[in-house]
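Read the structure below first, then the notes.
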2 protein chains.
Amino acid sequence: MARTWTVGELADELRVTTRTLRFYEAEGLITPQRAGANRVYSQREHARLRLILRGRRFGMTLSECREIVDMYDGAESSEQRQLQILLARLDEIAADLRARQADLRRTLTEVTDVAAQCRARLDELV
Amino acid sequence: MARTWTVGELADELRVTTRTLRFYEAEGLITPQRAGANRVYSQREHARLRLILRGRRFGMTLSECREIVDMYDGAESSEQRQLQILLARLDEIAADLRARQADLRRTLTEVTDVAAQCRARLDELV
DNA sequence: GTCGTACTTGACGTTTACGTCAACGTAAGG
DNA sequence: CCTTACGTTGACGTAAACGTCAAGTACGAC
């Protein structure tokens with residue numbers, strides 16, 4: 001039996017509110033099953049949500065997040081044309097991520113430089 | 001003579017609108033000089049803005065951006081207590097950035113994996 | 001049987017980060 | 001002198017991403 005979650009459980013685990021999970025559903029980012037009226041989240045939703053939340057941490061909008069998670073499904077498509085479009089988009093995204101990496105590296109260098117300056121100033125004051 | 005910019009020039013160069021620059025000023029993120037009523041942006045503002053916009057690309061809020069750019073000024077402070085606080089905060093930020101790097105690396109790996117899957121599927125279809 | 005807890009939908013509120021007028025001043029060009 | 005281009009402030013609008021009630025349902029514990 002695969003693990004499932006209620007809203008509350010999943011919200012707790014992912015450190016978001018239940019409101020957020022319902023909102024994401026209303027936006028079509030996730031589509032949990034139902035047990036009567038209650039939502040039942042499966043591994044699939046769990047995985048998608050982790051991707052979405054990671055995207056959000058990088059400042060992506062929800063629709064950008066949606067685009068990405070939807071691609072994970074699309075990769076099993078069998079239509080050549082679809083796959084080609086998908087692949088092109090994935091390469092774009094990868095390029096963007098690499099640019100961000102470089103950007104992040106620069107930022108980190110700058111921050112550590114300022115910290116080093118700070119330490120130098122502190123040493124002078126001794 | 002150090003280079004200066006008008007709102008329009010700087011907005012064009014940084015690829016934002018003049019509205020954005022005025023908004024940032026209203027929020028206290030930058031404080032351009034004036035030539036009469038007109039704003040005059042110097043290297044200082046130019047540098048701060050580049051930092052701010054980079055922060056924004058990483059999903060930071062404007063107040064988080066403000067905190068960071070203000071630190072670059074604070075590093076020249078001469079009060080020991082101030083410097084220690086600043087340094088502690090900088091180390092926190094650096095740690096956060098490193099976490100983001102790892103996160104970004106994972107994301108990139110996943111994206112390239114999906115792309116590889118795609119390519120495999122495409123090869124099968126030949 | 002009612003108390004507490006967790007779930008439901010729906011509606012409205014809120015913050016952030018600007019966009020979009022409106023109404024006006026000013027300096028250069030034809 | 002008039003237009004055009006750029007600048008100014010001020011006020012209001014807006015999209016995104018939730019927060020915050022309200023009102024109701026369902027279920028196990030006591």
Side-chain angles (χ1 to χ4, degrees), chain A residues 3-42 44-46 48-70 93 96 100 103 107, chain B residues 3-42 44-46 48-70 96 100 103:
Chain A
R3 162 98 208 247
T4 61
W5 291 259
T6 67
V7 246
E9 288 168 353
L10 192 53
D12 279 0
E13 184 175 328
L14 299 177
R15 301 185 173 277
V16 294
T17 65
T18 58
R19 178 71 181 91
T20 299
L21 296 184
R22 296 200 188 97
F23 178 70
Y24 286 0
E25 180 180 351
E27 294 294 303
L29 288 155
I30 44 175
T31 49
Q33 300 302 110
R34 296 283 177 143
N38 291 25
R39 294 170 173 79
V40 177
Y41 296 85
S42 67
R44 175 185 155 80
E45 275 71 44
H46 187 274
R48 286 175 73 94
L49 279 167
R50 278 187 31 221
L51 281 170
I52 292 163
L53 295 175
R54 184 153 74 193
R56 292 252 55 214
R57 284 200 296 277
F58 287 121
M60 294 185 196
T61 66
L62 284 183
S63 48
E64 286 169 335
C65 290
R66 183 189 1 237
E67 202 203 333
I68 293 194
V69 289
D70 284 349
I93 291 175
D96 180 67
R100 275 165 185 267
D103 222 349
T107 307
Chain B
R3 161 100 207 248
T4 62
W5 292 260
T6 67
V7 247
E9 288 168 353
L10 192 53
D12 278 0
E13 185 176 327
L14 299 178
R15 300 184 172 279
V16 293
T17 65
T18 58
R19 178 70 182 90
T20 299
L21 296 185
R22 295 198 189 99
F23 179 70
Y24 286 1
E25 180 180 350
E27 294 294 303
L29 288 155
I30 44 176
T31 48
Q33 299 301 110
R34 297 283 178 143
N38 290 25
R39 293 169 174 80
V40 177
Y41 296 85
S42 67
R44 174 186 155 81
E45 274 71 45
H46 187 274
R48 287 176 73 95
L49 280 167
R50 278 186 32 221
L51 281 170
I52 292 163
L53 295 174
R54 185 153 72 193
R56 294 252 54 215
R57 285 199 297 277
F58 287 121
M60 294 184 197
T61 66
L62 285 183
S63 47
E64 288 169 334
C65 290
R66 183 191 358 239
E67 202 204 334
I68 293 193
V69 290
D70 284 350
D96 180 67
R100 275 165 184 267
D103 222 349

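Values in this document were obtained by computation on a predicted structure and should not be read as measured data. So that the names make sense, note that chain A is the first sequence line, chain B the second, and so on, each numbered from 1.
- Every residue two or more places apart in sequence or in another chain that forms a side chain to side chain contact (heavy atoms under 4.5 Å, CB included) with A/I68 is listed here: A/M60, A/Y72, A/I93.
- Taking A/T20 as the reference, A/V16, A/T17, A/Y24 meet the side chain to side chain contact (heavy atoms under 4.5 Å, CB included) condition, with sequence neighbours excluded.
- With sequence neighbours excluded, the residues forming a side chain to side chain donor-acceptor pair (under 3.5 Å) with B/R54 are A/T107, A/E110, listed by chain and number.
- Contacts of A/S42 classified as side chain to side chain contact (heavy atoms under 4.5 Å, CB included), with partners at least two apart in sequence or in another chain: A/R44, A/E45.
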Could you pull out every donor-acceptor pair under 3.5 Å between side chains of residues 30-38 of chain B and any protein atom, sequence neighbours left out?
from: B/R34; atom 1: NH1; to: B/A37; atom 2: O; distance (Å): 2.7
from: B/R34; atom 1: NH2; to: B/E25; atom 2: OE2; distance (Å): 3.1

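- For A/R56 and C/dT16, the CZ to C1' distance is 12 Å, given to the nearest whole Å.
- Separating the OH atom of A/Y41 from the C1' atom of C/dT8 is a distance of 11 Å, rounded to the nearest angstrom.
- By the 4.5 Å heavy-atom criterion applied to side chains, B/F23 and B/L29 are not counted as neighbours.
- Listed by residue number, B/T61, B/L62 are the residues of residues 58-70 of chain B with a heavy-atom contact under 4.0 Å to DNA chain C.
- The stretch residues 25-40 of chain B does not touch DNA chain C, since none of its heavy atoms comes less than 4.0 Å from the strand.
- Residues of residues 4-21 of chain A having a heavy atom closer than 4.0 Å to DNA chain D, listed by number: A/T17, A/R19, A/T20.
- The side chain to side chain donor-acceptor pair (under 3.5 Å) search around B/D70 returns B/R48, not counting sequence neighbours.
- Atom CZ of A/F23 and atom P of C/dT9 are 15 Å apart (whole Å).
- The shortest non-hydrogen separation linking B/R100 to A/R57 is NH1-O, 3.3 Å.
- Atom OG1 of B/T61 sits about 8.5 Å away from atom CZ of B/R66, to the nearest 0.5 Å.
- For A/E27, there are no salt bridge (Lys or Arg N to Asp or Glu O under 4.0 Å) partners two or more places apart in sequence or in a different chain.
- Bracketed by its first and final contacts, the part of DNA chain D lying under 4.0 Å from non-hydrogen atoms of chain B reaches from D/dG7 to D/dT9 in 5' to 3' order.
- With sequence neighbours excluded, the residues satisfying side chain to side chain contact (heavy atoms under 4.5 Å, CB included) with A/V7 are A/T18, A/L21, A/R22, A/R39, A/Y41.
- Using a 4.5 Å heavy-atom threshold, the side chains of A/E9 and A/R3 count as touching.
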